[in-house]
Amino acid sequence: MDQDTFWSNFANKERKTYLCYEVELLDGNSWVLLEEGRGFLHNQLRRHAELCFLDRVPSWQLDPAKRYRVTWLLSWSPCTDCARDLVTFLQHNSHVSLRIFTARIYTYLKGYEEGLRSLQGAGAHLAIMTSTEFEHCWGTFVHNQGTPFEPWNGLDENSQEESMKLQRILQNEDN
DNA sequence: ATTTTCAAT
């Protein structure tokens, strides 16, 4: 993606969701990136980014006898409806594990808390992006032209704040 | 108005 896309979607809030993904195969005790296993996408009209990703899954022709790991860097966390579809996907694809790093929590649609909890219940790992993941995103998915990642003001504070919100949600406390 | 919330209602 270009640098502007990164800044407006990951560092700032945009009315769009970007999803960067890496699909890896477990080989012995190390994870190996699949060919074409790395990329990014964004939501389409009335189709959230998560479902756009699921549309792409068949293209990898994953072998059910092997183990895979999918890692996402998401600009907004999944809504309830997406979470439900992802849970179904995970239940039907036990050879795939999912790790979601999100820049922030999408609170706009009701029931998002339950959705996030159900994802965790289905075995997905959920975490807020820290400077480590933002840097990885910048270094891997952005046409950075050799420019090193520059953390913006408040990155760590925001990340920690969102992280605390996420922990409260996952622990089923009120917020 | 506590902020640019995957167009939802």
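Throughout, protein chains are lettered first and strands after them, A, B, ... in sequence-line order, and every chain is numbered starting at 1.
Under the rule for a side-chain hydrogen bond (donor to acceptor under 3.5 Å, both in side chains), A/H48 has no partner lying at least two apart in sequence or in another chain. For A/R47, the salt bridge (Lys or Arg N to Asp or Glu O under 4.0 Å) partners two or more places apart in sequence, or in a different chain, are A/D55. When the side-chain hydrogen bond (donor to acceptor under 3.5 Å, both in side chains) test is applied to A/Q44, no partner is found at least two apart in sequence or on another chain. When the ring-ring contact (aromatic ring centres under 6.0 Å, His included) test is applied to A/Y18, the partners found at least two apart in sequence or on another chain are A/H42. Residues passing the side-chain hydrogen bond (donor to acceptor under 3.5 Å, both in side chains) test with A/Y21 are A/R56, sequence neighbours excluded. With sequence neighbours excluded, the residues satisfying side-chain hydrogen bond (donor to acceptor under 3.5 Å, both in side chains) with A/T5 are A/D2.
Sorted by first then second residue, the side-chain hydrogen bond (donor to acceptor under 3.5 Å, both in side chains) pairs that include residues 78-91 of chain A, not counting sequence neighbours, are A/D81-A/R84. Judged as a side-chain hydrogen bond (donor to acceptor under 3.5 Å, both in side chains), the pairs with a partner in residues 129-139 of chain A (not counting sequence neighbours) are, in order, A/E22-A/H136, A/T130-A/E133, A/H136-A/T140. Screening residues 147-159 of chain A for salt bridge (Lys or Arg N to Asp or Glu O under 4.0 Å) gives no qualifying pairs among residues at least two apart or on separate chains.
For the segment residues 102-110 of chain A, the set of residues with a heavy atom within less than 4.0 Å of an atom of DNA chain B comprises A/Y106, A/T107, A/Y108, in numerical order. Near DNA chain B, defined here as any heavy-atom distance below 4.0 Å, the residues from residues 10-23 of chain A are A/K13, A/E14, A/R15, A/K16, A/T17, listed numerically.
You can see that DNA chain B meets the heavy atoms of chain A within a 4.0 Å-exclusive cut from B/dT3 to B/dT9, reading 5' to 3'.
At the heavy-atom level, A/C79 lies under 4.0 Å from base atoms of the strands shown. Among the protein residues, A/E50 comes within range of the nucleic acid bases, having at least one heavy atom under 4.0 Å from a base atom.
Taking all atoms of both residues into account, the shortest heavy-atom contact from A/D63 to A/H95 is O-CD2, 3.5 Å.
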